[in-house]
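Everything below concerns the one structure shown next.
Source: prediction; values computed, not measured. Convention: sequence-line order gives letters A, B, ...; per-chain numbering from 1.
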Amino acid sequence: MAKTSYWLMKSEPDVYPFERLVKEKKTAWEGVRNFEARNNLRAMAVGDLAFFYHSNIGKEIVGVMRVSKAAYPDPSAKGEDWSVVEVEPVKALATPVTLAAIKADPALKDLQLLRRSRLSVVPVSAEHWKRVLGLAKTKV
DNA sequence: GCCAACGTTGGC
DNA sequence: GCCAACGTTGGC
């Protein structure tokens, strides 16, 4: 069993909020049109965990999800070289972790969310993962 | 609604 | 292969 990797994926809540993922039980993470984000998707393995971040509205990490199917061609981009993964909800955070809270925490200053703010799929280190869960008062 | 950051595209 | 122009993302 390979070591679990951690990620953070962004969605605008008026396009696809975490609550909808909870309701639908799983979704294909479509629409990534950035090479680096795509490569991150392709690096994911089944069982990897990811934070669900609401961009623009909310600007906070609201939940945790699990990769349930590894990368395969994006059905919304036929004939083009894009990928999606399938994810399923794990749980909502007891306390959402806001962007402001992340910025205010020196331990999280190197979080890729801050350093690469425009990238929609970024890796998260195990240390940062634990730290964010601590702030969220949530166990996974 | 504005603007900064930055990835992508296309001309040379 | 460089670089300017352009488009998109996302915070404020």
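Within a heavy-atom distance below 4.0 Å of DNA chain B, no residue of residues 13-21 of chain A is found. Shown for residues 97-112 of chain A: residues whose heavy atoms fall under 4.0 angstrom of DNA chain C, namely A:Leu99, A:Lys103.
Contact check for A:Trp7 versus A:Val124: no side-chain heavy atoms found under the 4.5 Å cut-off. Contact annotation: the side chain of A:Leu99 approaches that of A:Leu113 to within less than 4.5 Å [non-hydrogen atoms, C-beta and beyond].
Applying the ring-ring contact (aromatic ring centres under 6.0 Å, His included) rule to A:Tyr6 yields the partners A:Trp129; only residues at least two apart in sequence or on another chain are considered. In this structure, A:His128 has no ring-ring contact (aromatic ring centres under 6.0 Å, His included) partners at least two apart in sequence or on a different chain.
Whole-Å rounding puts the A:Glu60 CD to C:dG11 P distance at 12 Å. A straight line from CG of A:Leu114 to C1' of C:dC12 spans 15 Å, rounded to a whole angstrom.
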Show the distances under 3.5 angstrom between N or O atoms of the protein and N or O atoms of nucleotides 3-6 of chain C.
none

Under 3.5 Å between N/O atoms: give me all the protein pairs with nucleotides 7-10 of chain B, atom names plus distance.
unit_1, atom_1, unit_2, atom_2, d
B:dG7, OP1, A:Arg116, NH2, 2.9
B:dT8, OP1, A:Phe35, N, 3.3

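Under a hydrophobic-cluster definition in which Ile, Leu, Val, Met, Phe, Trp and Tyr are linked whenever side-chain heavy atoms come within less than 4.5 Å, directly or via other members, A:Val22 and A:Val90 are assigned to different clusters. By the criterion of side-chain heavy atoms lying less than 4.5 angstrom apart, applied directly or through intervening Ile, Leu, Val, Met, Phe, Trp or Tyr residues, A:Leu93 is not grouped with A:Leu21; the two fall into different hydrophobic clusters.
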For residues 133-140 of chain A, please give each side-chain donor-acceptor pair under 3.5 Å, one per line with the distance, not counting sequence neighbours.
unit_1, atom_1, unit_2, atom_2, d
A:Thr138, OG1, A:Ala94, N, 2.8
A:Thr138, OG1, A:Ala136, O, 2.9

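Applying the salt bridge (charged side-chain N to carboxylate O under 4.0 Å, His left out) test to pairs two or more places apart or on separate chains, those with a residue in residues 98-114 of chain A are A:Asp105-A:Arg131, A:Asp110-A:Arg115. The ring-ring contact (aromatic ring centres under 6.0 Å, His included) analysis of residues 64-112 of chain A, with sequence neighbours excluded, yields the pairs A:Phe35-A:Trp82. Within the structure, salt bridge (charged side-chain N to carboxylate O under 4.0 Å, His left out) contacts touching residues 4-21 of chain A (residues at least two apart or in different chains) are A:Arg20-A:Glu24. Evaluation of the salt bridge (charged side-chain N to carboxylate O under 4.0 Å, His left out) test over residues 38-57 of chain A, restricted to residues two or more places apart or in two chains, returns A:Arg38-A:Asp81, A:Arg42-A:Asp81. Each ring-ring contact (aromatic ring centres under 6.0 Å, His included) pair with one or both residues in residues 90-117 of chain A, not counting sequence neighbours, would appear here, but there are none.
Scanning all heavy atoms of the two residues, the minimum distance from A:Met44 to A:Val85 falls at SD-CG2, 3.9 Å.
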